[in-house]
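Written out below as structure tokens is the structure these notes cover.
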2 protein chains.
Amino acid sequence: MKATAQILKEKGLKVTPQRIAVYNMLLNTTEHPNAETIYKALEPTNPTMSLATVYKTLDYFKQLGLVQELNVGEGSSRYDAVVKCHPHTVCTQCGKVQDLYLEELTEIHKKVAEELDFEVRCEQLILYGTCGECRRKNEQDSGEEA
Amino acid sequence: MKATAQILKEKGLKVTPQRIAVYNMLLNTTEHPNAETIYKALEPTNPTMSLATVYKTLDYFKQLGLVQELNVGEGSSRYDAVVKCHPHTVCTQCGKVQDLYLEELTEIHKKVAEELDFEVRCEQLILYGTCGECRRKNEQDSGEEA
DNA sequence: TATTAAATAAAAATAATTATCAATTAGGGG
DNA sequence: CCCCTAATTGATAATTATTTTTATTTAATA
């Protein structure tokens, strides 16, 4: 695994502890956190870091293709260190966002480029619904009521 | 075509000129406007209407399934009177949002429900790229430069 | 038509994000 | 290794989109 400092340098970014912290945090989670969550998560280890720096850092990363911005319809954007376009599921009950891999999309991708006058660069598929965990919880709750 | 007043009444909404105006505006456009745009568009005919009313009206409509909220990653949400889930293309150059119909999605829908522990209620597919118009404009511009 | 609960307009509040700017720091040249 | 300079940071103000509040008005029904 390439060191984070190395990756940043290759992208032409000045290497700072804040940038390393943000990027590492994103690499080590599957949670798709938003700026606020990232900020909170880094607070213990980087107590002087400001939220504005998190935003600015994420913006740079996004521009350089180090992270992907994800908007699932909440107030705030989430971020993903997996840059390659991939679909997500969003549980509308607990808010959990999960990755998903579907080859079928490249087909659609191609079809749209051919049949419509539109050159697709990247697609974003969000599947809204209820995750297994929440479904089971719901069943249990309704069971208790009855 | 059912009258807007009738539709609102069936949904249990009190019929007001503001609500009729917003809903009709959305029915008569393919532009996927945001709240601000709707507000501006209605200003000439409804000069007393406030932006907050547009927001609240859109919120009611959304809850009742009269409109669909669409977040393509801009600052603000867009609205679509076509409620059935359907994909959209977003031109990242001119910002135009267009509807798209793809049957392939129901397959994916089903596959995810079966293979993963996730019950899909609604999916949102956004294809980012460049529309034909912008592509042609780009070619022309680079031609002039050379 | 009078009543009443709901809807409206205007303004204030809030949440997320961006801009500002002085102080600090990274990274190269000496 | 130290200095220099431009980039970055942190604190906070400003902005943007949206929501809430409140006093007033209005639609629907008795």
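Distance CG (A:Asp59) to C1' (C:dA19): 12 Å, rounded to an integer number of Å. Rounded to a whole Å, the CZ atom of B:Phe61 is 11 Å from the P atom of C:dA7. In this entry the distance linking NZ of A:Lys11 with P of C:dG27 reads 17 Å, nearest Å. The nearest whole Å value for the distance from the CG atom in A:Leu13 to the C1' atom in C:dG27 is 14 Å.
Looking at every heavy atom in both residues, B:Gln68 comes nearest to B:Lys84 through NE2-O, 3.6 Å.
Counting non-hydrogen atoms of other residues, nucleotides and ligands closer than 6.0 Å to NZ of A:Lys111 gives a total above 12.
Bracketed by its first and final contacts, the part of DNA chain D lying under 4.0 Å from non-hydrogen atoms of chain A reaches from D:dA7 to D:dT12 in 5' to 3' order.
One finds a side-chain N or O of B:Gln18 lying less than 4.0 angstrom from the OP1 or OP2 phosphate oxygen of C:dA9. Considering only side-chain N and O atoms, A:Thr16 lies nowhere under 4.0 angstrom from the phosphate OP1 or OP2 of C:dT25. Applying the 4.0 Å criterion to OP1 and OP2 of C:dA26, one finds that A:Arg19 has every side-chain N and O outside that range.
To the nearest 0.5 Å, the span separating NZ on B:Lys96 from OG1 on B:Thr130 amounts to 11.5 Å.
Below 30°, between 30° and 60°, or above 60°: for A:His86 and A:Tyr101 the angle between ring planes is below 30°, a parallel geometry.
Each of B:Lys9 and B:Ser76 was matched to the nucleotide of DNA chain D holding its nearest heavy atom; the match closer to the 5' end belongs to B:Ser76. Annotation: of the two residues near DNA chain C, A:Lys14 and A:Lys62, the 5′-most nearest-nucleotide partner is A:Lys62.
Under a 3.5 Å cut-off, the side chain of A:Thr92 and the backbone N or O of A:Gly129 do form a donor-acceptor pair. Checked by atom type and distance alone, the side chain of B:Gln98 never pairs as donor or acceptor with a backbone atom of B:Val90 at under 3.5 Å.
Listed by residue number, the members of residues 32-56 of chain B with any heavy atom below 4.0 angstrom from DNA chain C are B:Thr48, B:Met49, B:Ser50, B:Ala52, B:Thr53, B:Lys56.
Of the N and O atoms on the side chains of A:Asn138 and A:Gln93, at least one donor lies less than 3.5 Å from an acceptor on the other residue.
A ring pair (Phe, Tyr, Trp, His ring centres under 6.0 Å) with B:Tyr23 is found for exactly one of B:Phe61, B:Tyr79, B:Tyr60, namely B:Phe61.
Sorted by first and then second residue, the pairs that involve residues 69-131 of chain B and meet disulfide (SG to SG under 2.5 Å), not counting sequence neighbours, are B:Cys85-B:Cys122.
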